[in-house]
Amino acid sequence: MPEYRQAQTAEDLSEVRALFWEYLQWANGRVNEEFGVNFDIATMLEDDMRGLDIYFPPDGRLLLISEEGRSAGLACLKKLREGEGEVKRMYVRAEFRGRGLGRGVLEALLSEARTIGYSIVRLDSARFMKAAHSLYRSAGFQEIEPYVESEIPPEFREHWIFMEKTLVQ
């Protein structure tokens, strides 16, 4: 049975670092493949780790996924503005995919978003992340125009999909 829990211990943060690094390596490889661009993922990792507080209560969440006592992935939620949150860094390790863990952690994040008081949750996702888009659509997310708070640089936005879901409290 999968477990979704808020990261909090030093051991958890070590696992967060490892998962962020895996995610960034994978995403950078795909971005390079698709667009011939490489990002400085070492700097991105350090920036992410220095800024983890945005993913902690009261306004955020950083949920670790474990199954059978093994680390399987993570998903983050941060505040965009009053009443609005954003899903970030959702990642499930390859050997755990296809088991419903992505759906489970997304449902857990949306439940947490309601608890926080968010009425809208947004996300951005590269167009090549088709499996993720299917999951988001099946969870009620709809495509929208790029939103101001997205960290995607304007020159890449045509290659990204922006989505939102209105939450019922």
Side-chain angles (χ1 to χ4, degrees), residues 1-35 38-39 41-42 44-49 51-52 54-57 60-80 85-116 118 121-143 150-152 156 159-165 167:
M1 185 92 177
E3 177 189 10
Y4 309 101
R5 62 183 170 73
Q6 175 67 41
Q8 44 192 353
T9 68
E11 185 179 328
D12 289 344
L13 297 184
S14 177
E15 192 56 35
V16 166
R17 174 182 281 281
L19 288 161
F20 275 0
W21 181 246
E22 286 178 33
Y23 169 80
L24 290 169
Q25 285 182 303
W26 172 81
N28 191 57
R30 289 301 314 271
V31 167
N32 180 268
E33 199 177 286
E34 295 283 326
F35 313 120
N38 276 309
F39 294 110
I41 61 173
M44 291 174 77
L45 175 64
E46 294 311 315
D47 289 347
D48 280 350
M49 294 306 294
L52 282 182
I54 63 174
Y55 301 128
F56 286 96
R61 299 293 187 271
L62 197 167
L63 300 182
L64 288 171
I65 309 165
S66 59
E67 186 173 65
E68 300 167 2
R70 297 173 43 217
S71 175
L74 60 86
C76 303
L77 177 69
K78 72 175 192 175
K79 182 178 183 174
L80 285 179
E86 183 181 34
V87 174
K88 299 300 296 178
R89 302 292 188 260
M90 197 161 134
Y91 176 72
V92 175
R93 287 182 161 146
E95 67 263 31
F96 292 95
R97 293 182 189 153
R99 299 183 189 183
L101 300 179
R103 178 171 307 285
V105 78
L106 180 60
E107 289 171 1
L109 270 187
L110 295 175
S111 176
E112 291 292 329
R114 286 182 192 91
T115 298
I116 293 168
Y118 296 146
V121 175
R122 293 188 171 148
L123 58 84
D124 56 58
S125 179
R127 289 195 183 274
F128 58 77
M129 297 181 180
K130 297 193 183 312
H133 304 153
S134 293
L135 170 63
Y136 299 142
R137 285 185 185 99
S138 73
F141 281 83
Q142 297 181 5
E143 286 190 42
S150 173
E151 65 186 26
I152 305 304
F156 290 104
H159 305 294
W160 254 251
I161 291 176
F162 300 84
M163 302 178 115
E164 80 176 17
K165 176 180 174 83
L167 301 178

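Count residues from 1 along the sequence. In what follows, every heavy atom counts, from backbone to side chain, and hydrogens, waters and symmetry copies are set aside.
The minimum heavy-atom distance between Phe162 and Ser150, with the atom names listed, is CE2-OG, 3.4 Å. Across every non-hydrogen atom of Cys76 and Arg89, the tightest pair is SG-CB, 4.1 Å. Of all heavy-atom pairs between Leu101 and Pro2, the closest is CD2-CB, 3.3 Å. In terms of heavy atoms, Ala108 sits closest to Tyr4 at CB-CB, 4.3 Å. Contact record, Phe96 with Ala72: CG-CB, 3.5 Å, taken as the closest heavy-atom pair. Nearest heavy-atom pair across Gly85 and Leu80 is O-CD1, 3.8 Å.
In this structure, the side chain of Gln6 engages the main chain of Leu62 through a donor-acceptor pair within 3.5 Å. The backbone N or O of Gln8 lies less than 3.5 Å from a partner atom in the side chain of Asp12, making a donor-acceptor pair. A donor-acceptor pair is defined here as one N or O able to donate and one able to accept, closer than 3.5 Å; such a pair exists between the side chain of Lys165 and the backbone of Ala139. With hydrogens and angles ignored, the 3.5 Å screen pairs no side-chain donor or acceptor of Ser14 with any backbone N or O of Ala10. In this structure, His133 contributes its side chain and Ala126 its backbone to a donor-acceptor pair below 3.5 Å.
Qualifying ring pair (Phe, Tyr, Trp, His ring centres under 6.0 Å) partners for Phe141, counting only residues two or more places apart in sequence or in other chains: Tyr136. Residues satisfying the side-chain contact (heavy atoms from CB on, under 4.5 Å) criterion with Asn32, sequence neighbours excluded, are Asn38. Residues that satisfy the ring pair (Phe, Tyr, Trp, His ring centres under 6.0 Å) test with Phe128, not counting sequence neighbours, are absent from this structure.
Residues Arg97 and Glu67 are not paired through a salt bridge, judged by the lack of any N-O separation under 4.0 Å between the basic side chain and the carboxylate. Salt bridge Lys79/Glu86: absent, no basic N to carboxylate O contact under 4.0 Å. One finds no salt bridge joining Arg17 and Asp48 here, because no Lys/Arg side-chain nitrogen approaches an Asp/Glu carboxylate oxygen to under 4.0 Å. The pair Glu143-Arg137 meets the salt-bridge criterion, since a charged nitrogen lies less than 4.0 angstrom from a carboxylate oxygen.
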### Task
Please step through side chain to side chain contact (heavy atoms under 4.5 Å, CB included) for the pair Phe56 and Arg61, ending with a clear verdict.
CA-CA 5 Å; Phe56 286 96; Arg61 299 293 187 271; over 6 Å; no
### Task
Determine, step by step, whether Glu22 and Trp26 satisfy the side chain to side chain donor-acceptor pair (under 3.5 Å) criterion, reporting the C-alpha distance in whole Å, the side-chain angles of both residues, the deciding distance to 0.1 Å, and the verdict.
CA-CA 6 Å; Glu22 286 178 33; Trp26 172 81; over 6 Å; no
### Message
side chain to side chain contact (heavy atoms under 4.5 Å, CB included) for Leu74 and Leu63? Distances and angles first, verdict last.
### Response
CA-CA 5 Å; Leu74 60 86; Leu63 300 182; over 6 Å; no
### Task
Evaluate the side chain to side chain contact (heavy atoms under 4.5 Å, CB included) criterion for residues Val87 and Arg122: first the C-alpha distance (whole Å), next the side-chain angles of each, then the deciding distance (0.1 Å), finally the verdict.
CA-CA 6 Å; Val87 174; Arg122 293 188 171 148; over 6 Å; no
### Query
Met129 and Arg30: side chain to side chain contact (heavy atoms under 4.5 Å, CB included), yes or no, with the steps?
CA-CA 9 Å; Met129 297 181 180; Arg30 289 301 314 271; over 6 Å; no
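Taking CG from Leu64 and OG from Ser71, the interatomic distance works out to 6.5 Å, rounded to the nearest 0.5 Å. The distance from the OG1 atom of Thr115 to the CG atom of Leu109 is 11.0 Å, given to the nearest 0.5 Å. Note that the CH2 atom of Trp21 and the CE atom of Met44 stand 10.5 Å from one another [nearest 0.5 Å]. With values rounded to the nearest 0.5 angstrom, Leu167 atom CG is found 10.0 Å from Ser111 atom OG. Interatomic distance, CG of Leu45 versus CG of Leu24, reported as 6.0 Å (0.5 Å rounding).
By the neighbour-count criterion of 12 heavy atoms within 6.0 Å, atom CD of Glu11 is sparsely surrounded, having that number or fewer from other residues, nucleotides or ligands. Within 6.0 Å of CD in Glu46 there are more than 12 heavy atoms belonging to other residues, nucleotides or ligands.
In this structure, the side chains of Tyr55 and Lys88 come closer than 4.5 Å at one or more pairs of heavy atoms.
Between Arg103 and Ser138, the side chains place a donor N or O and an acceptor N or O closer than 3.5 Å (distance only, hydrogens not considered).
Residue Ser66 is tested with Glu15, Glu3, Arg5 for a side chain to side chain donor-acceptor pair (under 3.5 Å); the sole match is Glu3.
If you look at Phe156 and Phe39, their ring centroids are closer than 6.0 Å.
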